[in-house]
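What follows is a short report on a single structure.
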Amino acid sequence: MENFQRITLVHYHELALKGHNRKAFERKLMHNVDSLLHDRDYVERVMMISGRILVIYKDDACEDRVSFDVDLLCKVPGVARVSCGFSCQRDIQVMNRAAERALREAGNFDTWKVVAKRSHTDFPIDSMEMNQLVGEYLCGRFPDKKVRMKGADVEVHVEVVQGRCYVYARSVPGIGGLPVGTAGKVVCLLSSGIDSPVAMWRMARRGATCLAVHFSGRPQTVDTSEYLADDICHVLEEFGGVARMFVVPFGDYQRQIAAMVPPQLRILIYRRLMMRVATRIARREGAKALVTGESLGQVASQTLDNLACTQAATSMQILRPLIGCDKLEIIADAQKLGTFEISSTPAADCCTLFMPRSPETHGKIAEIEEAEAALPLDQWVKELCRSAEEHVYRCPSSYCKMPDGSYGFAVDARNARERLDAQEGLDGCGGLEPQGSLDGILREI
């Protein structure tokens, strides 16, 4: 069998609708794809070509390796579709044989059609004639299969572009959206449950660089939820959906709150303290919003009144991607994402610690602020931020290209506590501008 060079074409849709800044979005998607594939020794090159991203493989790349990369690239935000096929010479006989091989690797099918395209007139055969010639050849090679011009099971694409011909028949849908790193940074409150990972995934799909904050019940509970949150982040890490996670031991502070405030207000005061801590971390890291997995009316803390009480604890905007979703929709997204099994593992965490029998469902800000007056909130926020334990994940927004062409981490070398010491003057709920954030350290590609 003739040995054609394997290629993958990454298609995008929403990026193509951008105006004068389209190139910036394309460069970011190109950077994200390149950084995720940089450790593949069988990848020869990643480049832009005719409104798509072209991944060229070395001669020793097998079909299984390419299929693995296709499955990964389909999860990358900004990717609408991924096609795998072959690159060959601009010779119609060679193109025919490449089309036959691409169709044989397309899986099971009953009907097919040829879609040919010539981007440059220096190739003597036009698109219509290519359709006829390649189609005639394939009819002879697949006599038991039918040609269908509308609604065919498989489309064999034959494209003559920039001095080469690219042939592919297998295409897999992507998740769409915008490339990670095009919409700024957000801090996501991440539990080990079902909802918050889906909320973070949805923000990554809209181009946000996501930093997670996980509030653990430690030392009042075991640290199982921390391991589950880390497993969730590793799932998101596969396609660059999370950059870092800060684990905050929260149990002792919940115990003090439970002893000092009315039982029905505990949950609201827990959450308001979480918002203050997350806000402080967000301002330190240069993030522009907080993200939660709240869904309207799902639990006691997610009524309109209680959401307003939580919102009042911070001046930073809070984004709630799941606010109008029901539980079945969220579960379906979690299964699609691959976090549902992890989130279904039982684990004691801060959400179930010191729970009152009858939590307030229609909180009043004045009553909550009165209950909080006896609490040393500013001191607690500083202590909790100092105790945050940082986990770093592989994210394109944390990668930069080195002089030798490889990729390396471009995060601040200081740990979370050292960065906090450098920012000690920040008010946890104020509007001060962050200093030394990650944006000043990353190098745009």
Side-chain angles (χ1 to χ4, degrees), residues 10 24-40 46 53 69 71-79 174-190 196-214 229-247 278 281-282 284-291 319 321 337-339 342 388-402 406-416 419 434 436-445:
V10 178
F25 283 85
E26 289 177 333
R27 285 196 299 270
K28 180 60 72 174
L29 181 58
M30 165 84 172
H31 166 64
N32 292 353
V33 170
D34 195 12
S35 64
L36 289 175
L37 298 179
H38 83 276
D39 59 350
R40 309 288 207 271
V46 180
I53 296 172
D69 287 348
D71 292 339
L72 169 65
L73 293 173
C74 288
K75 302 176 184 178
V76 175
V79 174
I175 64 168
L178 298 174
V180 171
T182 57
K185 277 187 285 187
V186 297
V187 164
C188 306
L189 278 71
L190 178 69
S196 55
V198 174
M200 187 156 67
W201 173 64
R202 288 194 175 189
M203 293 307 301
R205 283 182 60 196
R206 298 312 303 163
T209 300
C210 296
L211 310 177
V213 177
H214 176 71
D230 182 60
D231 289 344
I232 289 169
C233 285
H234 280 301
V235 172
L236 294 163
E237 179 189 31
E238 291 179 7
F239 56 86
V242 61
R244 280 177 285 163
M245 178 175 69
F246 300 92
V247 176
I281 292 174
R284 183 183 73 209
E285 300 298 327
K288 299 177 180 178
L290 304 180
V291 178
L319 306 179
L337 175 59
T339 58
I342 301 170
E389 301 160 5
E390 185 176 11
H391 299 244
V392 179
Y393 302 94
R394 176 180 172 178
C395 176
S397 295
S398 301
Y399 263 42
C400 71
K401 207 161 191 176
M402 301 303 179
S406 64
Y407 281 87
F409 283 112
V411 298
D412 195 329
R414 300 170 298 171
N415 61 32
R419 289 201 303 275
S437 67
L438 188 59
D439 287 333
I441 300 158
L442 295 178
R443 179 162 25 131
E444 283 290 321
I445 304 301

**Request:** Return the minimal non-hydrogen interatomic distance between L189 and S196, and the atom names on each side.
**Result:** O-CB, 3.4 Å
**Asked** Under the 6.0 Å and 45° cation-pi test, does R284 pair with F246?
**Response** yes
**Beyond-backbone contact of C233 with H391, side-chain heavy atoms, under 4.5 angstrom** = no
**Request:** List the atom of L290, the atom of A278, and the distance in Å for their closest heavy-atom pair.
**Result:** CD2-O, 3.8 Å
**Asked** Does the pair R244/E285 count as a salt bridge with the N-to-O cut at 4.0 Å?
**Response** yes
**Prompt:** Within the side chain of R205, is there an N or O that forms a donor-acceptor pair under 3.5 Å with the backbone of I175?
**Reply:** yes
**For the student: nearest non-hydrogen atoms of V180 and A208, plus distance** = CG1-O, 3.7 Å
**Fill in**
What one should report as the nearest heavy-atom pair of I232 and I342 is CG1-CG2, 3.8 Å
**Prompt:** side-chain contact (heavy atoms from CB on, under 4.5 Å) between L72 and R40: does it pass, once the steps are laid out?
**Reply:** CA-CA 13 Å; L72 169 65; R40 309 288 207 271; 3.3 Å; yes
**Request:** Please assess M245 against V213 for the test side-chain contact (heavy atoms from CB on, under 4.5 Å), listing each intermediate value before the final yes or no.
**Result:** CA-CA 6 Å; M245 178 175 69; V213 177; over 6 Å; no
**Prompt:** Nearest 0.5 Å, what's the CE-OG1 distance between M200 and T339?
**Reply:** 9.0 Å
**Message:** Any side-chain to backbone donor/acceptor pair from H214 onto A229? Under 3.5 Å, distance only.
**Reply:** no
**Item:** Within-4.5 Å side-chain heavy-atom neighbours: L337 and L236
**Value:** yes
**Message:** Taking the side chain as everything from C-beta on, heavy atoms only, tell me whether L37 gets closer than 4.5 Å to D69.
**Reply:** yes
**Prompt:** Tell me, do L178 and P77 make a side-chain contact under 4.5 Å, heavy atoms counted?
**Reply:** no
**Complete:** In short, A243 meets T209 closest at the heavy-atom pair CB-CG2, 4.1 Å
**Request:** Considering only NZ, NE, NH1 and NH2 on the basic side and carboxylate oxygens on the acidic side, decide whether R394 and D39 come within less than 4.0 Å.
**Result:** yes
**Asked** Once you round to the nearest 0.5 Å, how far does NE2 of H31 lie from NZ of K28?
**Response** 5.0 Å
**Prompt:** Would L29 and V76 satisfy side-chain contact (heavy atoms from CB on, under 4.5 Å), going step by step from the backbone distance to the final call?
**Reply:** CA-CA 9 Å; L29 181 58; V76 175; 4.3 Å; yes
**Prompt:** Out of curiosity, L211 CG to Y393 OH, how far, rounded to the nearest 0.5 Å?
**Reply:** 11.5 Å
**Prompt:** So, the side chain of H234 versus the backbone of D231: is there a donor-acceptor pair under 3.5 Å, distance only?
**Reply:** no
**Item:** Closest non-hydrogen atom pair, G241 against C210
**Value:** O-CB, 3.6 Å
**side-chain contact (heavy atoms from CB on, under 4.5 Å) evaluation trace for K288 with K185** = CA-CA 6 Å; K288 299 177 180 178; K185 277 187 285 187; over 6 Å; no
**Prompt:** Heavy-atom distance under 4.5 Å between the side chains of W201 and V242, does that happen here?
**Reply:** no
**Asked** Hey, what do you get for CG (L36) to CG (L73), rounding to the nearest 0.5 Å?
**Response** 7.5 Å
